[in-house]
Amino acid sequence: MLLPFPTGVDPLLILLAALALDMVVGDLPMLFRFVPHPIQLVGRAVSWFDERLNRERRDERTRRVRGVLTVAALITAAAVIGVTLTFLLHALRFGWLVEIGLVAVLLAQRSLFEYVARVGDALLRNGLTQGREAVAHIVGRDIQSLDEHGVARAAIESLAENFSDAVVAPAFWYALFGLPGLFVYKTVNTLDSMIGHRTPRYLQFGWAAARLDDLLNLVPARLSGVLLTAAALVSPQARVAPAFRVMLRDGRARATVADIGRALRLYMIACILQATLVLAVYFAVDGPSL
C-alpha cells in the first residue's frame, strides 16, 4: 500500500479475505434489507447535488463548473471517510474484521456472476422474452430491440465491463490506497453511472465524472483484459491468441447461450487469477521472508 497507515493486518491479506468472503456470501441481501448499502448512500448524495446544481436554465460553462465541484466535494468526502475509518478500525483489536466486511461489500464477484448466469438460464429455459427481462437488470440499452444473439452479447459485454468496474478496479485501488482509495473509486464510478452520460442534461454537468472515471479505470481495465486472456490458458474451450485479439478489437456479433457459459467460466478463472496475483504481490512486497 502506498499510504502510511497505522500497523495492523496487512491490507493485501484483508483484500484476499474480502475477495473470498464476497465470492462465498455475495451482496449480503439480508443485511441491506435493514440498512442502506454504501452505494445507495453515494447515489442519494449524487442525486442531491444533481437536483440542486444541475439547473437547465444555467449556461453550459456554469453547469460544467458545478459538475466539477460536485465531483470534488464527493470524492473529498469519500477520502476523508476512508481515512477516518482506517484509523478508527486500526485502533480496534478486531477492526480488521470490519474492514474485510467493508471491502467485501464493495466488490461484486458473486453478484455479477449470478446476474449474468440468470440471463443464460432465462434464455435457455424460457426463451427470448425472459432473457430480455433478465438482461435488463445489468444493461441500460433498449432490450426490446435485441434478438437472442443480442441478449447473449449484452450479457457477455456486461460481464467483461463489470469485471473491470466492479471487481478488478475496486481491488486495485484498495491495494494501493486502502479504504480511501476504494471509497473514492466507488464514488467516482457511481457518479459516472448516474451523471456521466452524453445527454443534454448531463453532457456538461457529468463531464468531470465521466473523465475521472475513465482515468481511474485506465490501468484496471487493461489488467482485467490481461486476466481474462490469461484465464484462457486454463479454460478447455478458450484459446489465448484469439482472446488477446478480441481484447484489442471487439467480440463476435452472433453470441449464444453457450458463449455466456464460456464467458462465466473465464470470469471465474480470472477472479481466481486476480486473488493469486494479490497473494503473489503480498509475498513479493510484504510477506515473511523464507
Side-chain angles (χ1 to χ4, degrees), residues 1-5 11-19 21-23 26-27 36-47 49 67-87 89 98-112 138 158-197 206-228 270-271 274-275 277-278 281:
M1 183 183 292
L2 297 182
L3 292 183
F5 289 123
L12 292 176
L13 293 181
I14 289 176
L15 177 57
L16 277 172
L19 288 166
L21 180 62
D22 173 54
M23 187 59 74
D27 276 344
H37 193 283
I39 299 304
Q40 285 183 307
L41 297 177
V42 176
R44 291 174 189 173
V46 175
S47 296
F49 277 93
V68 171
L69 292 174
T70 295
V71 171
L74 289 177
I75 65 173
T76 299
V80 169
I81 292 170
V83 170
T84 303
L85 272 176
T86 298
F87 280 97
L89 293 177
V98 179
E99 187 163 344
I100 288 172
L102 281 172
V103 177
V105 160
L106 295 175
L107 295 168
Q109 292 173 114
R110 185 184 180 100
S111 60
L112 177 57
I138 55 175
S158 182
L159 180 67
E161 178 183 356
N162 285 289
F163 176 56
S164 175
D165 289 356
V167 179
V168 175
F172 177 83
W173 289 110
Y174 175 80
L176 286 182
F177 297 110
L179 289 179
L182 176 60
F183 288 2
V184 167
Y185 174 75
K186 294 300 292 186
T187 298
V188 171
N189 192 243
T190 305
L191 278 159
D192 179 63
S193 68
M194 294 181 66
I195 65 173
H197 308 298
W207 173 83
R211 297 290 78 76
L212 186 56
D213 185 71
D214 289 343
L215 180 63
L216 294 186
N217 280 298
L218 190 64
V219 174
R222 284 147 184 82
L223 178 58
S224 301
V226 170
L227 288 170
L228 289 169
C271 286
Q274 176 181 240
L277 178 60
V278 172
V281 172

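Summarising the geometry, atom CG belonging to Asn217 is positioned 9.0 Å from atom CH2 belonging to Trp173; distances are rounded to the nearest 0.5 Å. To the nearest 0.5 Å, atoms CG (Asp213) and OG1 (Thr187) are separated by 11.5 Å. Note that NZ of Lys186 and CG of Asp165 are 8.0 Å apart. Values are rounded to the nearest 0.5 Å. The distance from the CD atom of Glu99 to the CG atom of Leu85 is 9.0 Å, given to the nearest 0.5 Å. With rounding to the nearest 0.5 Å, the separation of CZ in Phe183 from OG1 in Thr84 is 10.0 Å. A distance of 8.0 Å separates CG of Leu191 from OG1 of Thr70, quoted to the nearest 0.5 Å.
Side chains of Leu89 and Leu179 form a contact here, defined as non-hydrogen atoms less than 4.5 Å apart. Annotation: side chain of Arg211 is not in contact with side chain of Asp192 (no heavy-atom distance under 4.5 Å). Residues Leu74 and Val188 fail the side-chain proximity criterion, which asks for heavy atoms closer than 4.5 Å. Contact check for Val168 versus Ser224: side-chain heavy atoms found under the 4.5 Å cut-off. Side-chain contact between Val46 and Ile195 is present, with heavy atoms from C-beta onward closer than 4.5 Å. A 4.5 Å side-chain heavy-atom check between Leu215 and Leu212 finds at least one atom pair inside the cut-off. When side chains are defined from C-beta on, Cys271 does not count as touching Leu19, because their heavy atoms never get closer than 4.5 Å. Annotation: side chain of Phe49 is not in contact with side chain of Leu69 (no heavy-atom distance under 4.5 Å).
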Side chain to side chain contact (heavy atoms under 4.5 Å, CB included) between His37 and Leu106, worked out: CA-CA 9 Å; His37 193 283; Leu106 295 175; 4.2 Å; yes

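Among all heavy-atom pairs drawn from Val71 and Ala208, the shortest one is CG2-CB, 4.0 Å. Counting all heavy atoms, side chain and backbone alike, Gly101 lies closest to Leu21 at CA-CD2, 4.3 Å. Closest of all the heavy-atom pairs between Arg44 and Pro36 is NH2-CB, 4.1 Å. Closest non-hydrogen pair, Ala175 versus Leu15, comes out as CB-CD2, 4.1 Å. Nearest heavy atoms, Ser164 versus Pro170: O-CD, 4.0 Å. The two residues Met23 and Arg110 come nearest to each other via the heavy atoms O-NH1, 3.0 Å.
In this structure a side-chain-to-backbone donor-acceptor pair under 3.5 Å is missing from Gln274 to Leu227. Panel note: side chain Ser158, backbone Ile138; a donor-acceptor pair is recorded below 3.5 Å.
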